[in-house]
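Below is one structure, written out as structure tokens; the observations come after it.
FYI, the numbering just counts along the sequence from 1. For clarity, every value in this text was computed on a predicted model and none was experimentally measured.
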Amino acid sequence: MTTLFEPAYAKLNLTLDVLGKREDGYHDLKSVMQTISLRDDVEIDIGTGKPWKLICDKEGIPCDERNHAWMAAKVYFDTIDKDPDGLEIRITKRIPAEAGLGGGSADAAAVLRALNRHYGYPLSIPALAELGASVGSDVPFCVMGGTAVAEGRGDRLRKLPEMPDCIFVICKPDFSVSTAQLYAKLDETVIAKHPDHNAMESAILAGDLAGVAQNLYNVFDPVVTADHLELNYIKSIFNSYGSLNQQMTGSGSAVFCMVTEFEFAAVICNMLRENYPQVFIAKPVYF
């Protein structure tokens with residue numbers, strides 16, 4: 001039996017736009033995305049000689065073939081036409097679920113990277129990302145990591161240079177958002193403002209942190225905030241203690257801010273933690 005270890009990094013959407021509904025029922029998106037140091041840990045035992053098993057230390061996470069990590073392992077072995085002779089996946093969860101942070105996708109991507117390394121890299125990173133698209137829309141980006149532009153369903157990726165160094169504070173409120181309902185609501189809403197992806201990309205290329213912060217924008221943010229005004233309270237705490245800018249990530253409900261100093265991040269955490277236990281400090285990460 002062989003045991004593999006792989007970190008599963010969360011993602012943030014620095015920009016996120018919905019460009020329209022496709023004939024297949026999905027939506028075309030465009031987003032500048034960033035992996036961050038907030039992470040789950042994934043361990044995989046190969047060759048257990050027993051039926052497949054998945055263990056997670058958090059309640060409410062499916063521990064069967066519905067889990068994205070399980071799906072990723074299955075699609076990987078189907079693709080390379082190998083039998084692992086038994087498999088056990090263990091996930092230590094730190095990334096909040098239903099937050100817009102890509103936790104399930106990060107776990108799936110970690111499984112794909114770990115298995116591909118174990119078998120001597122039979123698939124390139126682009127091929128592995130393409131494989132991940134069959135598991136979930138955010139999996140291709142989570143496979144590649146770093147800073148990138150994602151388009152289509154998230155399956156068309158273009159790598160960008162590393163963004164300027166900064167510190168993120170992420171707060172997950174108690175409520176969650178139904179992604180399907182949110183898309184349905186957005187389909188009925190006139191989007192008054194769209195992110196300027198070109199300006200964001202230019203700021204990243206120039207190493208301009210203030211420009212990156214200035215161009216944060218997510219079209220889902222005002223739609224969710226209209227129904228959950230407490231997001232404004234969280235953002236006001238961010239803004240009062242050194243945030244360069246703040247917004248929601250993905251389809252929510254987590255919101256994040258950017259700061260330049262750890263001291264600002266620590267104060268923000270202290271101000272929020274009494275009411276919001278799921279508050280995290282993270283940095284951009286590359287692999």
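The backbone N or O of Leu128 lies less than 3.5 Å from no partner atom in the side chain of Arg113, so there is not a single donor-acceptor pair. Under a 3.5 Å cut-off, the side chain of Thr225 and the backbone N or O of Pro222 do not form any donor-acceptor pair. Remark: the backbone N or O of Arg94 is paired with a side-chain donor or acceptor of Asp40 at under 3.5 angstrom. Checking side-chain atoms of Gln247 against main-chain N and O of Asn218 turns up a donor-acceptor pair under 3.5 Å. Side-chain atoms of Asp57 come within 3.5 Å of backbone atoms of Lys93 as a donor-acceptor pair (strictly under, hydrogens ignored). Remark: side-chain polar atoms of Asn245 are paired, donor with acceptor, to backbone N or O of Ala213 under 3.5 angstrom.
Using a 4.5 Å cut-off between side-chain heavy atoms of Ile, Leu, Val, Met, Phe, Trp and Tyr, with links allowed through other members, Ile204 and Leu16 fall into different hydrophobic clusters. Hydrophobic clustering of Ile, Leu, Val, Met, Phe, Trp and Tyr side chains at less than 4.5 Å, counting indirect connections, keeps Val149 apart from Ile125. Note on Tyr286: it does not cluster hydrophobically with Phe141, by side-chain heavy-atom contacts below 4.5 Å among ILVMFWY residues. Hydrophobic clustering of Ile, Leu, Val, Met, Phe, Trp and Tyr side chains at less than 4.5 Å, counting indirect connections, keeps Val279 apart from Leu101. Connection of Val139 to Val285 is not established within any shared hydrophobic cluster, with ILVMFWY side chains joined at heavy-atom distances below 4.5 Å, either directly or through further cluster members.
Within the 4.5 Å cutoff, no side-chain heavy atoms of Leu87 are placed close to those of Lys53. Under the 4.5 Å side-chain criterion, counting only non-hydrogen atoms from C-beta, Val18 is in contact with Phe220. Looking at heavy atoms from C-beta onward, Ile55 lies in side-chain contact with Glu88 at the 4.5 angstrom threshold. For the pair Ile36/Ile170, a side-chain contact is recorded, criterion being any heavy-atom separation below 4.5 Å from C-beta on. Residues Phe280 and Ile95 are not in side-chain contact: their nearest non-hydrogen atoms beyond the backbone lie 4.5 Å or more apart. Using a 4.5 Å heavy-atom cutoff, the side chains of Met163 and Val32 are not in contact. Side-chain contact between Lys185 and Asp227 is present, with heavy atoms from C-beta onward closer than 4.5 Å. Side-chain contact between Pro284 and Asp165: present, with at least one pair of heavy atoms (C-beta onward) separated by less than 4.5 Å.
Residue Leu131 holds its CG atom at 4.0 Å from OG1 of Thr79, rounded to the nearest 0.5 Å. Note that OG of Ser243 and CZ of Phe168 are 11.0 Å apart. Values are rounded to the nearest 0.5 Å. Atom CG in Asp138 sits 4.5 Å away from atom OG in Ser105 (nearest 0.5 Å). Note that CD1 of Ile91 is 7.5 Å distant from SG of Cys63, once rounded to the nearest 0.5 Å. Here CE of Met144 is found 10.0 Å from CZ of Arg158. Values are rounded to the nearest 0.5 Å. Note that CG of Leu209 is 5.5 Å distant from SG of Cys166, once rounded to the nearest 0.5 Å.
Residues passing the side chain to side chain contact (heavy atoms under 4.5 Å, CB included) test with Ser178, sequence neighbours excluded: Ala180, Gln181.
The only option from Ile268, Ile234, Asn275 that meets the side chain to side chain contact (heavy atoms under 4.5 Å, CB included) definition with Cys171 turns out to be Ile234.
Ala110 approaches Pro7 most closely through the heavy-atom pair CB-O, 3.7 Å. Nearest heavy-atom pair across Ile89 and Ala69 is CD1-O, 3.8 Å. Shown here for Gly211 and Ala203, the closest heavy-atom pair between the two residues is C-CB, 3.5 Å.
The closest side-chain donor-acceptor pair between Thr147 and Glu162, if any, does not fall under 3.5 angstrom. Between the side chains of His194 and Asp17, at least one donor N or O sits under 3.5 Å from an acceptor N or O.
A salt bridge links Asp221 with Lys235: at least one charged nitrogen is closer than 4.0 Å to a carboxylate oxygen.
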Acceptor/donor pairs from residues 114-124 side chains to any protein atom, 3.5 angstrom cut, sequence neighbours excluded:
{"residue": "Asn116", "atom": "OD1", "partner": "Tyr76", "partner atom": "OH", "Å": "2.9"}
{"residue": "Asn116", "atom": "OD1", "partner": "Leu123", "partner atom": "N", "Å": "3.2"}
{"residue": "Asn116", "atom": "ND2", "partner": "Leu123", "partner atom": "O", "Å": "2.7"}
{"residue": "Arg117", "atom": "NH1", "partner": "Glu6", "partner atom": "OE1", "Å": "2.7"}
{"residue": "Arg117", "atom": "NH2", "partner": "Phe5", "partner atom": "O", "Å": "3.2"}
{"residue": "Arg117", "atom": "NH2", "partner": "Glu6", "partner atom": "OE1", "Å": "3.2"}
{"residue": "Ser124", "atom": "OG", "partner": "Ala127", "partner atom": "N", "Å": "3.1"}

Review item, side-chain donor-acceptor pairs of residues 248-260, under 3.5 Å, at least two apart:
{"residue": "Thr249", "atom": "OG1", "partner": "Asn13", "partner atom": "N", "Å": "3.0"}
{"residue": "Thr249", "atom": "OG1", "partner": "Asn13", "partner atom": "OD1", "Å": "3.3"}
{"residue": "Thr249", "atom": "OG1", "partner": "Gly100", "partner atom": "O", "Å": "3.2"}
{"residue": "Ser251", "atom": "OG", "partner": "Thr179", "partner atom": "OG1", "Å": "3.0"}
{"residue": "Ser253", "atom": "OG", "partner": "Lys172", "partner atom": "NZ", "Å": "3.4"}
{"residue": "Ser253", "atom": "OG", "partner": "Phe175", "partner atom": "O", "Å": "2.6"}

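In this structure, Lys193 forms a cation-pi arrangement with Tyr217, its terminal cationic atom sitting closer than 6.0 Å to the ring centre and no more than 45° off the ring axis.
Atom CD of Gln278 sits in a crowded spot, with more than 12 heavy atoms from other residues, nucleotides or ligands closer than 6.0 Å. Annotation for Lys159: atom NZ counts as buried by contact number, over 12 foreign heavy atoms lying within 6.0 Å. When the shell of 6.0 Å around NZ of Lys30 is examined, it contains more than 12 heavy atoms from other residues, nucleotides or ligands. The neighbour count for Lys283 NZ, taken as heavy atoms of other residues, nucleotides or ligands under 6.0 Å away, is above 12.
Using the six-membered ring where Trp is involved, Tyr9 and Phe287 have ring planes that are parallel, under 30° apart on the 30 and 60° scheme.
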*Could you go through the salt bridge (Lys or Arg N to Asp or Glu O under 4.0 Å) check for Arg90 and Asp45 one step at a time?*
CA-CA 8 Å; Arg90 294 180 297 280; Asp45 290 340; 2.7 Å; yes

